[in-house]
Amino acid sequence: MEIGKVGVWLSGTVRGQTNVAVQDAAREIEELGYSALWYPEALGTRECFATGALLLAATQRLTIATGIANIYARDAITMAAGARTLAEAFPDRFLLGLGVSHVEQVGPHGLDYTKPVATMRAYLDRMEAAPFGGVAPDPPLTVALAALRQRMLALSGERTAGAHPYFVNVEHTRRAREILGPGKLLMPEQAVVLETDPAKARAIARTHTPIYLRMQNYRNNLLWLGFTEDDLNAEGGSDRLVDEIVAWGDVETIAARVRAHHEAGADHVCIQPLSAGGEIPLDVLRTLAPALLG
């Protein structure tokens, strides 16, 4: 799959917005020249395959990617069937990002979150063996894994097209590329705030960071990257953590961060514009497009 260099990650796809509004946004994102649109699946979000079908139908060239489809939300046979259906209907435009989610989201539903790497490996086995009565997609479905640390990154390279790390810095991209090796897609998410005032920018960033600092997978990953418990436990994260996880500043500063990910080994960077409100951040995407896509 040719996923391009820079895509967009839309939070909640987008919470509080109608499907029509999200489809309209996808069309403009495509017209602006971004190469992919990523969207999540978590408690309270839209269902991933229905959303994917709506976004694919609304666009012509844009790669539509799940970031991620939760393996605890459906059986592996159902996951494979849904993804293959979209991949056949929209050749080379649907990317299935899979993830094990988090114990904080899975555990309250009575599901077993132990041994996530082994669970993912077994799930991939079942997906690959799943029967499918439809026409096989041509080219085949592209699958990637949400991966943060060594073992899941290694599995991404071993069994799928690559990895989609979330809530990471440039140092993570360097480490991930070393673990994945060449020839595998590395597609990190990068949160951005188009604001040059440090206090205002960090305040917006801290509407985003606390959600993830409450999740042990992200905390463990940040500690692996060299952050301290003090960095993690500061309200919304320390300034150092906020500044490395969220790229804020003017257009060139944000473009430089995206370039840094590419130089560190990323094939594709999906930017997630943060805003104080819940609107779809098309104004930010319009402003950034010439610098990121030119």
Side-chain angles (χ1 to χ4, degrees), residues 3-40 42 44-46 51-52 54-67 164 166-169 187-212 236-237 242-262 266 268-294:
I3 194 170
K5 301 288 280 186
V6 181
V8 174
W9 203 100
L10 285 185
S11 177
T13 331
V14 171
R15 295 184 188 276
Q17 302 290 333
T18 66
N19 284 314
V20 170
V22 176
Q23 287 179 302
D24 288 344
R27 278 188 284 267
E28 180 164 354
I29 287 166
E30 180 176 72
E31 291 167 4
L32 288 168
Y34 293 97
S35 60
L37 175 57
W38 297 76
Y39 60 97
T45 63
R46 289 172 166 89
T51 298
L54 289 168
L55 294 172
L56 286 160
T59 53
Q60 299 295 320
R61 304 173 305 279
L62 200 63
T63 295
I64 302 300
T66 58
H164 170 51
Y166 185 91
F167 202 72
V168 295
N169 61 2
M187 304 167 287
E189 172 269 351
Q190 175 63 67
V192 303
V193 175
L194 190 59
E195 172 59 64
T196 58
D197 180 88
K200 292 180 181 178
R202 289 175 179 141
I204 295 171
R206 287 187 172 106
T207 65
H208 170 72
T209 53
I211 302 167
Y212 305 100
V242 167
D243 294 351
E244 289 197 32
I245 296 297
V246 179
W248 59 266
D250 60 13
V251 169
E252 177 49 37
T253 300
I254 292 172
R257 179 72 65 87
V258 173
R259 287 196 301 272
H261 277 288
H262 285 134
H268 172 88
V269 180
C270 41
I271 61 166
Q272 180 181 182
L274 307 179
S275 64
E279 69 279 1
I280 301 174
L282 288 171
D283 55 339
V284 175
L285 295 173
R286 293 178 195 122
T287 302
L288 291 175
L292 295 180
L293 308 175

Engineer: Side-chain contact, heavy-atom cut-off 4.5 Å: Arg46 with Asn19?
Structural biologist: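 Result yes, sub-4.5 Å side-chain heavy-atom pair found.
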Engineer: From Gln17 CD over to Ile280 CD1, what is the distance, rounded to the nearest 0.5 angstrom?
Structural biologist: 4.5 Å
Engineer: Just one of Thr253, Asp197, Thr196, Asp243 clears the side-chain hydrogen bond (donor to acceptor under 3.5 Å, both in side chains) bar with Trp248, so which one?
Structural biologist: Asp243
Engineer: Please tell me if the side chains of Val284 and Val193 come closer than 4.5 Å, counting only heavy atoms from C-beta onward.
Structural biologist: no
Engineer: If you measure from OH on Tyr39 to CG on Leu54, what distance do you get to the nearest 0.5 Å?
Structural biologist: 9.0 Å
Engineer: Can you list everything that forms a salt bridge (Lys or Arg N to Asp or Glu O under 4.0 Å) with Glu244? Sequence neighbours excluded, please.
Structural biologist: Arg240
Engineer: Is there side-chain contact between Val192 and Val246, with at least one heavy-atom pair below 4.5 Å?
Structural biologist: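 No - every pair of side-chain heavy atoms lies 4.5 Å or more apart.
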Engineer: Between Met187 and Cys270, what is the shortest heavy-atom contact and its length?
Structural biologist: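 Looking at all heavy atoms of both residues, the closest pair is O-SG, 4.3 Å.
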Engineer: Between Arg286 and Asp283, does at least one N-O distance fall below 4.0 Å, as a salt bridge requires?
Structural biologist: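 The answer is no: the pair does not qualify as a salt bridge.
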Engineer: Will you find, in the side chains of Gln190 and His261, an N or O donor that is under 3.5 Å from an N or O acceptor?
Structural biologist: yes
Engineer: Step by step, work out the side-chain contact (heavy atoms from CB on, under 4.5 Å) result for Leu282 and Ile29.
Structural biologist: CA-CA 8 Å; Leu282 288 171; Ile29 287 166; 4.1 Å; yes
Engineer: Are the side chain of Ser35 and the backbone N or O of Ile3 linked by a donor-acceptor pair below 3.5 Å?
Structural biologist: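 Yes; at least one donor-acceptor contact below 3.5 Å.
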Engineer: At their closest point, which heavy atom of Ala191 faces which heavy atom of Leu274, and how far apart are they?
Structural biologist: CB-CD1, 4.0 Å
Engineer: Give the C-alpha distance, both sets of side-chain angles, the deciding distance and a yes or no for side-chain contact (heavy atoms from CB on, under 4.5 Å) between Val251 and Leu292.
Structural biologist: CA-CA 9 Å; Val251 169; Leu292 295 180; over 6 Å; no
Engineer: Just wondering, do Val6 and His262 contact through their side chains at under 4.5 Å, heavy atoms?
Structural biologist: yes
Engineer: Distance check, rounded to the nearest 0.5 Å: Thr18 atom OG1 versus Asp24 atom CG?
Structural biologist: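 Thr18 atom OG1 to Asp24 atom CG measures 7.5 Å (nearest 0.5 Å).
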Engineer: Where does the angle between the aromatic ring planes of His164 and Trp38 fall among parallel (under 30°), tilted (30 to 60°) and perpendicular (over 60°)?
Structural biologist: parallel
Engineer: Over all heavy atoms of both residues, which pair between Pro188 and Val168 is shortest? Give the atoms and the distance, please.
Structural biologist: CB-CG2, 4.1 Å
Engineer: Centroid-to-centroid, Tyr166 to Trp9, below 6.0 Å?
Structural biologist: yes
Engineer: Measure from the side-chain N and O atoms of Thr59 to the backbone N and O of Arg27, and report whether any donor-acceptor pair falls under 3.5 Å.
Structural biologist: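 Here the side-chain-to-backbone pair does not exist.
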Engineer: Please report the shortest heavy-atom distance between Gly4 and His268, naming the atom on each side.
Structural biologist: O-ND1, 2.9 Å
Engineer: Rounded to the nearest 0.5 Å, what separates atom CG in Leu55 from atom OG1 in Thr66?
Structural biologist: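 Separation between the atoms: 11.5 Å.
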Engineer: Supply the atom-to-atom distance Glu28 CD to Glu31 CD, rounded to the nearest 0.5 angstrom.
Structural biologist: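 If we round to the nearest 0.5 Å, Glu28:CD and Glu31:CD are 6.5 Å apart.
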Engineer: If you define the side chain from C-beta out and look only at heavy atoms, does anything of Leu37 sit under 4.5 Å from Thr63?
Structural biologist: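 Contact flag for Leu37/Thr63 side chains = no.
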Engineer: Do you know which two heavy atoms are closest between Gly237 and Val242, and how far apart they sit?
Structural biologist: O-CG2, 3.8 Å
Engineer: Quick one: pull up CD1 in Ile211 and OG in Ser11 and give me the separation to the nearest 0.5 Å.
Structural biologist: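 Between atom CD1 of Ile211 and atom OG of Ser11 there are 7.0 Å.
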Engineer: Could you check Leu285, Leu288, Val8 and say which one makes a side chain to side chain contact (heavy atoms under 4.5 Å, CB included) with Leu32?
Structural biologist: Leu285
